[in-house]
Amino acid sequence: MVPSDTFTPLREQLNYYRARAGEYDQWWLRQGRYDHGEALSALWFAEAAEVSSALSAFQACGRVLELACGTGIWSEQLLLSASHLTALDGPPEMLTINAAARLQQSARARYIHADIFAWRREEQFDVVFFGFWLSHVPPERFTAFWQLVGFCLAPDGRVFFVDSCHEQTSTAVDHRLPEAEATVLRRRLNDGPEFQIYKVFYDPRELTERLHKLGWHFDIRQTEHYFLYGTGHQLVSGSPNSAPKSVVRRALRAVTRRRH
């Protein structure tokens, strides 16, 4: 997902997700090492359905960009409402699974194999979506990442993201989460290799305030145990309820027409 010529967790993060591609869905489906029992699996899927319902209500229409698309956990749902989906990720193994298993080579989907931080968009999008990616953005690249998101958005553009909460039963049974304040952790694959990756857990209120300082208005929510998700847009001014610039422009034109 990130270049392989910088700080160790960034190098290992790409290697980890390349090696993990074939087993990634076991985490989402609560299989193998990620099975914490029937009751917790039921809770997981109920909370995942809550996020899925929020995404459906969000209506990701028009041209949709999915950053760090992975194996397509969310790509399939995004394609239901999008007129065109651009799915971008660094590990080619993830893109292969996404295209074949999730989207079945849909003509409305385009795949881009690229480093998210080095990639430069050639068009603007109505929606930018990223699932379980923000927590893997290095803290020192947080601002730059959100600048990229803003650069990708059309004037009416909106954002939807989902990520993980700090919950022990979210990860494999043989993993131990560090303290919530940690930013790097170790992950192990089914066959034993271990990798050091970035994993930043966010508090909804703190993240909302931080994004506001960067010029975003977000509504960020949290399910009872497992997921953090948010919807937002760029601000016109410092008001926390400011609408996208194009909405303001249309309102001003309407007022002008009434005056004339």
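Only a predicted model underlies this, so the values are computations on that prediction, with no experimental measurement involved.
Using a 4.5 Å cut-off on side-chain heavy atoms (C-beta onward), Leu153 and Gln124 make no contact. No side-chain heavy atom of Tyr24 sits under 4.5 Å from any side-chain heavy atom of Ile97. By the 4.5 Å heavy-atom criterion applied to side chains, Thr183 and Phe201 are not counted as neighbours. Counting only heavy atoms from C-beta outward, the side chains of Val127 and Val159 never approach each other to under 4.5 Å. Side-chain atoms of Tyr202 and Cys165, non-hydrogen and from C-beta on, never get closer than 4.5 Å to each other. Taking 4.5 Å as the limit, every side-chain heavy atom of Phe151 sits out of range of all side-chain heavy atoms of Trp146.
Ring geometry, Trp133 versus Phe117: the interplanar angle falls from 30° to 60°, so the pair is classed tilted.
Checked for salt-bridge contact, Arg210 and Asp203 miss the test: no charged N lies under 4.0 Å from a carboxylate O. A salt bridge does not link Arg30 with Asp35: none of the charged nitrogens is closer than 4.0 Å to a carboxylate oxygen. At a threshold of 4.0 Å, the pair Lys199-Glu181 does not count as salt-bridged, since none of the basic side-chain nitrogens sits closer than that to a carboxylate oxygen.
Of all non-hydrogen atoms in His36 and Ala172, the two that sit nearest each other are NE2-C, 4.0 Å. Nearest heavy-atom pair across Leu65 and Cys152 is CD2-SG, 3.8 Å. Across all non-hydrogen atoms, the minimal contact from Arg108 to Ser83 is CD-O, 3.5 Å.
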Quick one: do Arg110 and Glu123 satisfy salt bridge (Lys or Arg N to Asp or Glu O under 4.0 Å)? Show the steps, please.
CA-CA 13 Å; Arg110 175 181 60 147; Glu123 60 180 305; 2.8 Å; yes

Verify side-chain hydrogen bond (donor to acceptor under 3.5 Å, both in side chains) between Tyr229 and Asp163, making sure each step is shown before the conclusion.
CA-CA 6 Å; Tyr229 64 97; Asp163 220 303; over 6 Å; no

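Scored by the side-chain contact (heavy atoms from CB on, under 4.5 Å) test, Thr171 finds Gln168, His175, Leu177, Arg187 as partners (sequence neighbours excluded).
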